[in-house]
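To keep things clear, I will list the structure first and then write my remarks on it.
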Amino acid sequence: MNKRDIKALVEGRLSNERKKEVIKWLLKNPKQQQRYHKLKAEHVAQLLKNPQYNGHERAIAKRNRLYKLVGYAALIAILIGSAVFLIQPSREPSVEKVAVLMTTTTIGENKDVVLPDGSQITLNSNTSITYPHSFEEGIREVTLSGEAFFDVTHDEERPFIVHMDNGVKIQVLGTSFNIKSYPEDQNVETTLVSGKVRVVEEKDNKTVVLNPSQRATYVKNEDKIIIDKVETENLTSWRQGKLVYDETPIREVISDLKRKYKVTISVASPEIMNYRYTGVFDNLTIEQILDLFEVSSPILFKKNHTKITLYMNK
């Protein structure tokens with residue numbers, strides 16, 4: 001995909017399926033998101049200058065055209081850089097029933113989202129959630145990529161389902177839980193805080209039911225689900241800016257740091273990847289975290305601006 005695809009998205013020349021593909025691509029490319037926002041702002045500005053409209057007709061036509069392009073109040077959010085998209089299939093005239101909203105976060109950003117049913121979601125860094133403008137009768141479905149904490153409004157008549165790109169879904173009625181499902185990670189984790197959830201691996205229909213303080217870990221390359229008992233506060237503390245690790249593989253720690261801070265991290269000593277880290281980073285800067293690595297583990301670092309290299313102290 002390239003600039004032509006972004007321009008076509010801005011100008012509304014893509015089919016709904018192609019639009020979804022381009023948006024997914026944008027979510028994985030922060031630099032391209034900046035290009036999108038720039039092109040969108042330029043396009044809207046051009047529309048405002050269009051001389052073919054005049055008087056009352058110009059105001060009405062301009063308003064309708066802008067609403068179609070960016071979706072109601074999302075116009076202002078897009079112009080200031082918010083990654084909220086409105087996807088509207090052209091065949092269905094009812095906007096409220098078919099419109100799909102997508103909200104995203106970038107590196108180091110958390111964001112609160114309130115769904116149409118009142119459910120409250122907190123998104124972690126580099127995360128996207130897609131959900132309908134209004135839920136259909138009988139079911140509530142959203143799609144998540146990344147990490148989020150869910151506080152779902154109870155509704156016995158409408159189950160709440162979270163879909164993930166890796167073929168795992170979560171089914172609930174009303175509860176609070178955390179999902180960590182980044183495409184680049186080896187595992188998908190669902191941690192239950194309250195209520196009850198069902199974790200389903202859709203390919204083979206592997207199903208487990210969680211009780212509070214339990215975590216289900218789907219291991220992608222082994223195609224299996226592991227259940228263990230956890231301290232839920234530790235696994236949801238990212239909402240307060242804290243990162244808590246208990247014998248956590250260093251690979252996961254590095255991934256979290258790259259998502260929270262605008263840095264690249266490389267590993268010079270392969271044996272580091274076998275290390276498991278225990279510690280708490282309570283709203284620390286990346287420099288403070290690196291210093292903690294050196295005093296609490298055999299890991300040393302070199303830092304050059306935003307580039308960090310880890311190596312083992314021998």
Side-chain touch Trp238/Thr122, heavy atoms, less than 4.5 angstrom: yes
Cationic N near anionic O, under 4.0 Å, Glu184 to Arg259: yes
With sequence neighbours excluded, residues passing ring pair (Phe, Tyr, Trp, His ring centres under 6.0 Å) with Phe160: none
Smallest separation among heavy atoms of Glu252 and Thr248, with atom names: OE1-CG2, 3.5 Å
Pairwise side chain to side chain donor-acceptor pair (under 3.5 Å) hits with a residue in residues 153-163, at least two apart: Glu141-His163, Asp155-Arg158
Pairwise side-chain contact, Leu310 with Leu290, heavy-atom cut-off 4.5 Å (strictly under): yes
Rounded distance (nearest 0.5 Å) linking atom NZ of Lys242 with atom CD of Gln240: 7.5 Å
CD (Glu294) with more than 12 external heavy atoms under 6.0 Å: yes
Approximate separation, where rounding is to 0.5 Å, of Ser134 OG and Asp117 CG: 11.0 Å
Student check: side-chain heavy atoms of Ile250 and Met273 closer than 4.5 Å: yes
Smallest separation among heavy atoms of Gly138 and Pro159, with atom names: O-CD, 3.4 Å
Carboxylate-amine/guanidinium contact Asp256 Lys180, below 4.0 Å: yes
For Asn304, side-chain contact (heavy atoms from CB on, under 4.5 Å) partners two or more places apart: none
Positive for side-chain contact (heavy atoms from CB on, under 4.5 Å) with Phe150, one of Val172, Leu144, Ile170, Thr190: Leu144
Name of the residue among Val280, Leu257, Asp282, Val253 meeting side-chain contact (heavy atoms from CB on, under 4.5 Å) with Leu243: Leu257
Separation between CG of Asn274 and OG of Ser269, rounded to the nearest 0.5 Å: 11.5 Å
Test item: Val244 and Asp246 side chains (from C-beta on) under 4.5 Å apart, heavy atoms: no
Taking every non-hydrogen atom, the tightest pair across Ala216 and Ile227: CB-CD1, 3.7 Å
Worked check of side-chain contact (heavy atoms from CB on, under 4.5 Å) between Asp151 and Ser119: CA-CA 6 Å; Asp151 190 354; Ser119 295; over 6 Å; no
Rounded distance [0.5 Å steps], CD1 in Ile289 versus NZ in Lys260: 7.5 Å
Residue pair Ser145 / Pro183, side-chain heavy-atom distance below 4.5 Å: yes
Test log, rule side-chain contact (heavy atoms from CB on, under 4.5 Å), inputs Asn110 and Asn124: CA-CA 5 Å; Asn110 291 357; Asn124 203 350; 3.2 Å; yes
Over 12 foreign heavy atoms within 6.0 Å of NZ, Lys303: yes
Point-to-point distance, once rounded to the nearest 0.5 Å, from OH of Tyr261 to OG1 of Thr306: 15.0 Å
Ion pair check, Glu201 and Lys206, cut-off under 4.0 Å: yes
Listed partners of Thr236 passing side-chain contact (heavy atoms from CB on, under 4.5 Å), at least two apart: Phe149, Asn178, Val193, Arg239
Under 3.5 Å: donor-acceptor pair, side chain of Thr127, backbone of Glu147: yes
Lys169 NZ: over 12 foreign heavy atoms closer than 6.0 Å: yes
Over all atoms of both residues, closest heavy-atom pair of Val209 and Gln214: O-OE1, 4.1 Å
Partners meeting ring pair (Phe, Tyr, Trp, His ring centres under 6.0 Å) with Tyr277 (sequence neighbours left out): Phe281, Phe293
Verdict with reasoning, Ile225 to Val168, per side-chain contact (heavy atoms from CB on, under 4.5 Å): CA-CA 10 Å; Ile225 299 176; Val168 176; over 6 Å; no
Exercise: identify the closest heavy-atom pair between Ile107 and Asn126: N-OD1, 3.1 Å
Heavy-atom side-chain contact between Asn211 and Lys196 under 4.5 Å: yes
For Ala8 against Leu14, the heavy-atom pair lying closest together: CB-CD2, 3.6 Å
Lys220 NZ: over 12 foreign heavy atoms closer than 6.0 Å: yes
Heavy atoms of other groups near Glu231 CD, more than 12 under 6.0 Å: no
Step-by-step side-chain contact (heavy atoms from CB on, under 4.5 Å) determination, Phe177 to Val162: CA-CA 11 Å; Phe177 57 97; Val162 183; 4.1 Å; yes
Residues in ring pair (Phe, Tyr, Trp, His ring centres under 6.0 Å) contact with Tyr218, at least two apart in sequence or another chain: none
